[in-house]
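Computed over heavy atoms, backbone and side chain alike; hydrogens, waters and symmetry mates excluded. Positions are given from 1, in the same order as the sequence printed here.
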Amino acid sequence: MKWKLFSSSRDFRLMCRVFRYFLPYKWAMLTALLASGLVSVSTAGTAWLIKPALDEIFFSRNTEALLYVPLAFIGLTLIKGLGRYIQNLCMHYSALRVLETLRKELFHRIILLPLSFYEDQQVGSLMSRVINDVAMIRQSLPAFVQILRQILTMLGLLFVVFEQNFNLACWALVVLPLAGVPFAIFSRALRRYGRKTAEVTAGVSGMLQELLSGIRVIKAFATEKNETERFDVENGRIISTALKQTCVSELSSPVMELIGSLGIGLVIWYGGREVISGNMTPGTFFSFMAALVMLYDPFKALNGANMSVQNALAGAERVFAIIDDPKLQIESGGQEKVREPFQELCFEHVSLSYGDQSQALTDICLTVRAGERVALVGPSGAGKTSLVNLIPRFYVPSSGRILLNGIPVEQYELASLRRSLAVVSQDAFLFDMSLRDNIAYGQSVHDQSMDRILKAAEFAYADSFIQNLPDGYDTMIGERGVRLSGGQKQRVTIARALIKNAPLLILDEATSALDSESEQIVQKALDNLMRNRTSLIIAHRLSTILEADRIIVMDKGRIVDSGRHEELLGRCELYTRLYDMQFKTHHEALEEK
């Protein structure tokens, strides 16, 4: 069957690899195979019983046969039903366990990949691989057991037809080789459409995730009609591909039946002549015919199993493409652990290029010492966020090195390095969990005490609004914290950073998206957060900039100047221009006070 089911040796190796996931459940698989053997034997036995039923009961009027033939038929049916139940139970048990294992392996692989991987992938597409493509692989073992069962059934029925009449069996089976041609053709087509279905399904999943996440923007711009039309196009692609796959699948049945009818026609012609001439009893003929009809049925049933196999191969291709891709290297670190206290952070001639070869940073030299507040300013695209993203190794420098406490950051364990940092960004991301769980996120059970959570919330000016919620700290806040305002979400993220108690703090425009009232409250919370910590601040807010020990001015991925506010104002043309555009009015208001 290899040449029919697999279009290449690569496909055969792919399915062998899938089967290796079933090996831990070999006893369940063996039980399923034995049960399928019972089903096949009982099917062949049912066909054989037709001869004694006709010859002994209806023609010879044998009263003993009238007793044992019905009992034998009931017994065979019972065996067949029990065998099929055990087979299906064992198959689905094994398949579901493999589904669990593959999903775990794929998710563990995906979540350990660097951030650069996610920049090129749609979240919905990755979700489709974890859920839909892996589910397609689940079908592989049941499909192969079904194929094996049909083959065993065919062998049993072949024994019956040859045992009944050898010459008649030869006439019947002369057309079977013809069925192999459409079977091979349909296999290739089903595989192609199975792969296409997986791709378009992933595309629609990606679109749905994007549209539903951006529903506020869609409604704000009243583009519901446009997005509905765009979804309808993609949804139509799924239906079109599924219809083509269905056409191929359904066409195979009448083709198989037509080929089978040729054999049956030959049998009726030849067998009828034998019965009329007295060389064969009617019971033998009808038993032969029953076995022959049953013989063509499992051959046709191979088509459905073949469709499942081809879909499983298509899903396996997409799943293993991520697991095996040599370009997708999981994040790795060294063996060192970050030891407090924080001493200094050094950038030595650091440059960064992204995958599209765009230069984000060029020859950055910067030292941040313990206790300093260092602000990074510059126009959009200057490289400020790219610079701070190198510290937790979200990205790896193209050249140069970064040292934390005198040790290159790549020598630290990733978990240890990232636990030594606290990041508060403009995008205040919260999980669909309680406020208590969001504040204590990432902390050990020992560090999740309510006292620590309350203290962090108080310092972040979040306790007051949390206490006023119906369920307090147990309030579920919805996806991305949708039930909270922007200022409230930011205060919760600050509380999360406070409870982490990391020695180095990174603030990435943490107040830029807030209104004036929320900004004042959040700024107080940030002041509490920065107290006794070394801070790197990306900000456009005057108060933060003025209080910084140093201001680093960046433009086009380079550091163009550094110093305190008073030193840079007038000396640095870019900083002066930014000050005039963003800060001067506010500064004058402060001086008037």
Side-chain angles (χ1 to χ4, degrees), residues 338-345 366-377 384 387-388 391-392 404-405 417-426 428 435 438-443 447-467 486-514 516-552 562-566 583 586 590:
V338 178
R339 293 177 175 82
E340 296 188 23
F342 174 86
Q343 299 169 17
E344 66 175 17
L345 176 71
L366 174 65
T367 299
V368 179
R369 298 175 184 84
E372 278 192 310
R373 291 189 184 183
V374 178
L376 303 175
V377 301
K384 306 182 294 294
L387 180 63
V388 297
I391 303 171
L404 177 60
N405 294 346
L417 174 65
R418 290 171 180 174
R419 289 192 186 108
S420 71
L421 312 171
V423 181
V424 179
S425 64
Q426 177 181 351
L435 282 161
N438 268 287
I439 293 174
Y441 183 75
Q443 302 302 305
D447 294 330
Q448 291 183 8
S449 67
M450 199 60 206
D451 288 342
R452 295 190 74 236
I453 293 172
L454 285 171
K455 187 175 180 180
E458 289 171 1
F459 274 90
Y461 292 89
D463 181 68
S464 56
F465 84 81
I466 293 176
Q467 296 285 10
Q488 289 172 335
K489 287 194 289 186
Q490 197 64 288
R491 279 179 273 169
V492 173
T493 63
I494 293 170
R496 187 166 65 191
L498 277 163
I499 203 172
K500 190 176 185 181
N501 197 29
L504 178 59
L505 174 66
I506 298 173
L507 302 180
D508 189 355
E509 300 189 13
T511 62
S512 62
L514 304 179
S516 298
E517 183 178 357
S518 297
E519 179 199 342
Q520 291 178 2
I521 300 174
V522 170
Q523 190 59 56
K524 291 179 181 178
L526 289 174
D527 288 339
N528 286 337
L529 178 60
M530 289 186 289
R531 188 174 296 125
N532 301 323
R533 286 185 176 86
T534 307
S535 304
L536 265 172
I537 309 159
I538 300 175
H540 295 295
R541 302 301 187 184
L542 179 62
S543 57
T544 305
I545 298 298
L546 291 179
E547 294 173 2
D549 298 310
R550 271 187 300 154
I551 300 173
I552 309 299
S562 65
R564 294 185 61 83
H565 167 72
E566 298 80 6
F583 307 138
H586 194 162
L590 290 176

Nearest heavy atoms of Ile453 and Ala440, plus distance in Å = CD1-CB, 4.0 Å
From Gln490 CD over to Tyr461 OH, what is the distance, rounded to the nearest 0.5 angstrom?
-> 15.5 Å
In sequence, state the C-alpha distance, the side-chain angles, and the governing distance for Ile537 and Arg373, and then conclude on side chain to side chain contact (heavy atoms under 4.5 Å, CB included).
-> CA-CA 7 Å; Ile537 309 159; Arg373 291 189 184 183; 4.3 Å; yes
Leu421 pairs by side chain to side chain contact (heavy atoms under 4.5 Å, CB included) with which of Ile391, Val388, Val338, Leu345?
-> Ile391
When you look at CZ of Phe459, are more than 12 heavy atoms from neighbouring residues, nucleotides or ligands closer to it than 6.0 Å?
-> no
So CZ of Arg550 and OG1 of Thr367: to nearest 0.5 Å the spacing works out to 7.0 Å
Separation of Ile538 CD1 from Asp508 CG (nearest 0.5 Å) | 4.0 Å
Side-chain heavy atoms of Val374 within contact of Arg369, under 4.5 Å = no
Closest heavy-atom pair and its distance - Phe342, Ala370 | O-CB, 3.3 Å
Check the pair Leu454, Gln467 against side chain to side chain contact (heavy atoms under 4.5 Å, CB included), reporting the backbone distance first and the verdict last.
-> CA-CA 10 Å; Leu454 285 171; Gln467 296 285 10; 4.1 Å; yes
Here the pair of heavy atoms bringing Ala460 nearest to Ala495 is CB-N, 3.6 Å
Which heavy-atom pair separates Gly371 from Thr534 by the least distance, and what is that distance?
-> N-OG1, 2.8 Å
Distance, nearest 0.5 Å, that separates CG of Asn438 from NZ of Lys489 | 11.0 Å
Of all the heavy-atom pairs spanning Ala502 and Ala422, show the shortest one and how long it is.
-> CB-N, 3.6 Å
Roughly how far, to the nearest 0.5 Å, is the OG1 atom of Thr493 from the CD1 atom of Ile439?
-> 10.0 Å
Test side chain to side chain contact (heavy atoms under 4.5 Å, CB included) applied to Ser535 and Leu505, Asp549, Leu504, Val368, the passing residue = Leu505
Answer whether the closest heavy-atom distance between the side chains of Val492 and Phe465 falls below 4.5 Å.
-> yes
Intermediate values then yes/no, side chain to side chain contact (heavy atoms under 4.5 Å, CB included), Leu498 and Arg533 = CA-CA 11 Å; Leu498 277 163; Arg533 286 185 176 86; 4.1 Å; yes
For Ser420 and Leu404, what are the C-alpha separation, side-chain angles and deciding distance, and is it a side chain to side chain contact (heavy atoms under 4.5 Å, CB included)?
-> CA-CA 10 Å; Ser420 71; Leu404 177 60; 4.2 Å; yes
Approximate separation, where rounding is to 0.5 Å, of Asn501 CG and Arg419 CZ = 14.0 Å
